[in-house]
Engineer: 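Right, I'll just put the structure down here and ask away after.
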Amino acid sequence: MPALAIGASTVLAALLAAACATDLRERLIPDKIVAALAGVWVLWKAACALLFGTTEGITPGLMAALLYGGGLLAFTLVFEAPGKRAGMGGGDIKLMAACALYLGPERSALCLLIACTMSVPLALIVPRTRFACEGERAGTVPFAPAIAAGTLLALLLPAA
């Protein structure tokens with residue numbers, strides 16, 4: 001079972017790197033990357049169930065994806081409604097939901113905390129790099145790098 005977890009984690013890291021690259025370059029997280037993240041999780045959990053008879057992590061993963069994906073969507077809609085201001089992008093919301101599958105509820109909270117904390121330095125640094133987009137409004141942050149870092153750190157830190 002550890003080999004399956006290592007394989008899934010390796011693919012997770014590679015897909016997160018791809019999401020970061022496109023978000024930094026284009027301010028877009030392709031649906032194909034998010035679908036691949038979810039698909040790898042499904043294959044990983046199916047393989048664990050078939051080979052080892054364990055369904056551990058399926059329900060918490062699904063709950064976390066619904067909670068964090070749905071919660072971020074609701075928060076964004078409420079934030080954007082009154083002032084017609086752009087909030088978190090749909091790709092960021094879907095990426096967080098896909099990462100929550102792997103993390104479960106508790107580690108997803110840690111991931112989101114890390115990602116939000118990292119977004120402040122990103123907002124200060126990215127506009128001064130080659131990743132700055134011309135004509136982009138101030139305060140726009142590619143959030144995939146922060147979500148990716150939060151996901152990997154949440155996976156690596158010991159459980160409480």
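These values consider heavy atoms only, across backbone and side chains, with no hydrogens, waters or symmetry-generated copies.
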Engineer: Applying side chain to side chain contact (heavy atoms under 4.5 Å, CB included), run through Val120 and Val141 and close with a yes or a no.
Structural biologist: CA-CA 9 Å; Val120 174; Val141 179; over 6 Å; no

Engineer: State the CD1-OG distance between Ile114 and Ser119, to the nearest 0.5 angstrom.
Structural biologist: 12.5 Å

Engineer: Please find the pair of heavy atoms, one from Ala64 and one from Gly104, that lie closest to each other, and give the distance.
Structural biologist: CB-C, 3.3 Å

Engineer: What distance do Trp44 atom CH2 and Leu101 atom CG have between them, rounded to the nearest 0.5 Å?
Structural biologist: 10.0 Å

Engineer: Return the CG to CG distance between Leu157 and Leu152, rounded to the nearest 0.5 Å.
Structural biologist: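 Output value for this atom pair is 10.5 Å.
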
Engineer: Out of curiosity, Ile29 CD1 to Ile147 CD1, how far, rounded to the nearest 0.5 Å?
Structural biologist: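 It comes to 5.5 Å.
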
Engineer: Taking C-beta and beyond as the side chain, do Leu112 and Leu72 meet within less than 4.5 Å on heavy atoms?
Structural biologist: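 Yes, at least one pair of side-chain atoms sits under 4.5 Å.
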
Engineer: Side-chain contact, heavy-atom cut-off 4.5 Å: Trp41 with Val11?
Structural biologist: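 A side-chain contact is absent here, since even the closest heavy-atom pair is not under 4.5 Å.
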
Engineer: Pair Thr129, Leu24 - check side chain to side chain contact (heavy atoms under 4.5 Å, CB included), show working.
Structural biologist: CA-CA 10 Å; Thr129 68; Leu24 283 167; over 6 Å; no

Engineer: Does any non-hydrogen side-chain atom of Pro60 lie less than 4.5 Å from one of Glu106?
Structural biologist: no

Engineer: Nearest 0.5 angstrom please: Leu51 CG to Leu4 CG, how far?
Structural biologist: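 These two atoms lie 6.0 Å from each other.
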
Engineer: Roughly how far, to the nearest 0.5 Å, is the CE atom of Met63 from the OG atom of Ser108?
Structural biologist: 10.5 Å

